[in-house]
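Notes to accompany the following structure.
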2 protein chains.
Amino acid sequence: MIVTIRDVAKKAGYSITTVSRALNGFDDVNEETRAKIMAVAKELNYQPNRVARSLVTKTVNTIGLFVLGRSSFQQGFIADLVSGLIDEASTHDFDLLIFGTQSLKAGLPFQQLCHQRGVGGAVITGLKITDPIIAELEDSPFPTVLIDVPINGPKATYVTFDNQKGMVQALDHLYDLGHRKIGFINGHLEAWVCRERLAGYKKGLAKHGLTYNKAYVYNGNFSKESGRAGAKELIKKNPELTALMVASDLMAAGALEELTAMGYALPEDLSLVGFDDQTFAALTSPALTTIKQDEYLLGRLAAENIIKLINDPGYLPEIKTLTTNLVIRQSTGPVKS
Amino acid sequence: MIVTIRDVAKKAGYSITTVSRALNGFDDVNEETRAKIMAVAKELNYQPNRVARSLVTKTVNTIGLFVLGRSSFQQGFIADLVSGLIDEASTHDFDLLIFGTQSLKAGLPFQQLCHQRGVGGAVITGLKITDPIIAELEDSPFPTVLIDVPINGPKATYVTFDNQKGMVQALDHLYDLGHRKIGFINGHLEAWVCRERLAGYKKGLAKHGLTYNKAYVYNGNFSKESGRAGAKELIKKNPELTALMVASDLMAAGALEELTAMGYALPEDLSLVGFDDQTFAALTSPALTTIKQDEYLLGRLAAENIIKLINDPGYLPEIKTLTTNLVIRQSTGPVKS
DNA sequence: AACATTATCCAAAACGTTTTGGATAATGGG
DNA sequence: CCCATTATCCAAAACGTTTTGGATAATGTT
């Protein structure tokens, strides 16, 4: 049933040493011998036990993906991120082990945990910028790639999107439609992307000579409910607003509900822009104009990066920033004159 | 840095044998000796290398999750399923390795692949009922749990929802609202759940003395576009229909778009029921009445089952069927008289 | 013929851990 | 005192694989 190198050696008539060296490309094996061994290995469907091999070689081809916080699973992008990670890992003959928060709760030092599980490097998503582990990972020799959180160390880097550019794109779009009073519903500032999105909002305003007004910004928490509350508050306090930008599609959906309930017709009375381009952004009524992020590609990039960090001692960590795209749908339109 | 059992033995002043036996609860170790060894192990943060251990003990505490087809990642439930799997696995000190389709494309026999990767059992999602691997797994000694595809073998079982009951619930609801002409947009019949949903539709009709009419059923493919096409065709050919049931929320969203474009007001002119309760079901306008499936719980159940199959030689595989719930929102209302 | 070199194979050690099968001192019972 | 039992420790073997360091026959050169 389970074929070991001993079975192959016995059937081929050579030692396990010769079998191993034949299969692993050593040049001190006669080519005819090698061919015979390879044929037997193929016939028996022999596959080297990676566990045993990794014990000897101390090389590891497993990436650990840490998804922190149950709510991270409820963001729309995890599936695509995982899909991208798997596809890239697979082309490099790496496997992907997934861990949730409880793995880190056990009080076991991060690297010990990874070593115990045979993980050679970690991709982590769901970190807040205040999480202490970030400092710990920064100078660590253990390869790490963070998603959407900046880090820069000898073996640590991150992948993300150009959030600022995305926000500028959205603001350009609204400006071109004639909007001059533009509000912003952000997420919580513990998420680095929210700091970036705020900076992009400010940059977009400045680009068009518009004044940043603190009262036009609401800090939510990425939930639909905070999107509703944000829209309600911003519009109540600033009825002159003609457009709202929102830091996530889910919050934008909440804002849409609230605005509709308040009697606004979108986009005639007010324009709305989300962020993410989650599946449902095309399903709301009106469908959301939003900033698209290709999370599948981000996953591939993260995997590519962590594999290099694991495999190549001389590899210098590179920060990878993917571009975003404005997707115009029906939630934005010309300002009402 | 990396602490091995030899470091602990050296520092504690005992052999590696005694250290191992002390840490693993053997009773031929003096209790004072044990305490001393445990203190040293704790001080050094010693964690047994699972790779080495599994090589010796041939026990494995890794579950392989196979997600087949890129489109499986785009179904709304994968993230919740994974979350549930991880949480349950973690309580049993199991890890979760994820594989995509390409892992099976390599031509490597399934069990060899799992053995090579140190996987003790597999959870598989995305299978069509026509996939040949199902027969292969049925009588295999390798532990397997399928998601939403029936299988029954000595080491094989499946977890799913009561799709028929869900459909009957939806039909009851529509019947109570006065609907008598009820159409059904199904997914493709290679997905077992679609056969179940069709059977449930028929059962619900029969329960209320309504006649099953083949012309009232459209076979889609789970895409939004097929939902649009299904609504268009069913309504065009059967204008007497007052309600549509749909086998997934995404197709329901497509049907909603089409019906709206055709000038129907929902639910006044026609009622619509989806299936899944995906996040966006609450975000469409009107929000979808739908059948809720708790995929997180399904993930936990699958993990619980596969762990039992791996750990307990005497465990008889149990089919696990979770109940569904009707979630009434705004897409259903009384039939127009 | 003697020595050096090359080709080709293999035993042993290693990886980190677990477990088998003693070894030995202490203790208790006849 | 002698023998049996118990407590407590440890060397060795095992797991499946890789790699080091030979061993040896054949061949070539002087």
Side-chain angles (χ1 to χ4, degrees), chain A residues 1-38 40-41 44-62 93 111-120, chain B residues 1-38 40-41 44-62 93 111-120:
Chain A
M1 190 62 21
I2 299 298
V3 180
T4 71
I5 199 168
R6 287 193 169 86
D7 302 313
V8 178
K10 185 170 179 183
K11 185 152 190 174
Y14 293 98
S15 71
I16 58 173
T17 307
T18 303
V19 170
S20 179
R21 299 178 76 85
L23 295 178
N24 288 301
F26 284 77
D27 64 4
D28 61 347
V29 179
N30 178 289
E31 288 309 317
E32 278 181 19
T33 303
R34 191 194 306 277
K36 183 174 178 184
I37 287 167
M38 288 176 84
V40 170
L44 298 182
N45 273 318
Y46 168 69
Q47 289 294 324
N49 183 323
R50 282 187 175 191
V51 169
R53 178 189 277 178
S54 74
L55 191 55
V56 174
T57 62
K58 297 195 177 185
T59 61
V60 282
N61 48 2
T62 304
D93 206 30
Q111 285 178 52
Q112 285 286 83
L113 172 73
C114 291
H115 175 73
Q116 183 197 34
R117 305 306 219 269
V119 169
Chain B
M1 189 63 20
I2 298 299
V3 180
T4 71
I5 199 168
R6 287 192 168 85
D7 302 313
V8 178
K10 185 170 179 182
K11 183 153 193 178
Y14 293 98
S15 71
I16 59 175
T17 307
T18 304
V19 171
S20 179
R21 299 177 79 87
L23 295 178
N24 287 301
F26 285 77
D27 64 1
D28 60 347
V29 179
N30 178 286
E31 288 309 316
E32 280 182 18
T33 303
R34 192 193 307 277
K36 184 174 179 186
I37 287 168
M38 289 176 85
V40 169
L44 297 180
N45 273 318
Y46 168 69
Q47 288 294 322
N49 184 323
R50 282 187 176 191
V51 170
R53 178 190 277 177
S54 74
L55 192 55
V56 174
T57 62
K58 298 195 176 184
T59 62
V60 283
N61 49 3
T62 304
D93 206 30
Q111 285 177 51
Q112 286 284 80
L113 171 74
C114 291
H115 175 72
Q116 183 198 32
R117 307 302 221 270
V119 169

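Throughout, protein chains are lettered first and strands after them, A, B, ... in sequence-line order, and every chain is numbered starting at 1.
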List the steps and the verdict of side-chain contact (heavy atoms from CB on, under 4.5 Å) for B:Lys36 and B:Asn30.
CA-CA 10 Å; B:Lys36 184 174 179 186; B:Asn30 178 286; over 6 Å; no
Which sits closer to the 5' end of DNA chain D, A:Asp28 or B:Asp28, going by the nucleotide each is nearest to?
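Result: B:Asp28.
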Close side-chain approach of [X] to [Y], heavy-atom, < 4.5 Å:
X       : Y       : value
B:Leu23 : B:Ile37 : yes
B:Asp7  : B:Lys10 : no
A:Val29 : A:Tyr14 : no

How close or far is atom [atom2] of [N] from atom [atom1] of [X], stated in whole angstroms?
X       : N      : atom1 : atom2 : result
B:Arg6  : D:dC10 : CZ    : C1'   : 14 Å
B:Arg34 : D:dA7  : CZ    : P     : 13 Å
A:Leu23 : D:dT18 : CG    : P     : 8 Å
A:Tyr46 : D:dG16 : OH    : C1'   : 7 Å
B:Leu55 : D:dC15 : CG    : P     : 9 Å
A:Lys10 : D:dT17 : NZ    : P     : 16 Å
B:Gln47 : C:dT17 : CD    : P     : 10 Å
A:Ile5  : D:dT19 : CD1   : P     : 11 Å

Out of [options], whichever nucleotide has its closest atom nearest the side chain of [X]:
X       : options                : result
B:Thr18 : C:dC15, D:dC9, D:dC15  : D:dC9
B:Arg21 : D:dG16, C:dT18, C:dT19 : C:dT19
A:Tyr14 : C:dT17, D:dT19, C:dC9  : C:dC9
B:Val56 : C:dC9, D:dC9, D:dC15   : D:dC15
B:Phe26 : C:dC15, C:dT17, C:dT19 : C:dT19
A:Thr17 : D:dC10, C:dA11, D:dT18 : C:dA11
A:Val29 : D:dT17, C:dC9, C:dT17  : C:dC9

Is [X] close enough to [N] that one of its side-chain N or O atoms is under 4.0 Å from OP1 or OP2 there?
X       : N      : value
A:Ser15 : C:dA11 : no
A:Asn30 : C:dT8  : yes
A:Lys58 : C:dA14 : no
A:Thr4  : D:dG16 : no
B:Asn24 : C:dT18 : yes
A:Ser20 : D:dT18 : yes

For D:dG22, the Watson-Crick or wobble counterpart (both distances under 3.5 Å):
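For D:dG22, the partner nucleotide comes out as C:dC9, under the 3.5 Å rule.
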Provide the closest heavy-atom pair for A:Val8 versus A:Val3 in the form atom of the first, atom of the second, distance.
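Looking at all heavy atoms of both residues, the closest pair is CG2-CG1, 4.2 Å.
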Applying a 4.0 Å non-hydrogen cut-off, can you work out what A:Thr33 is touching in the nucleic acid: base, sugar-phosphate, or nothing?
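Counting heavy atoms under 4.0 Å across all strands, the contact made by A:Thr33 is with sugar-phosphate only.
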Worked check of side-chain contact (heavy atoms from CB on, under 4.5 Å) between B:Ile2 and A:Lys58:
CA-CA 12 Å; B:Ile2 298 299; A:Lys58 297 195 177 185; over 6 Å; no
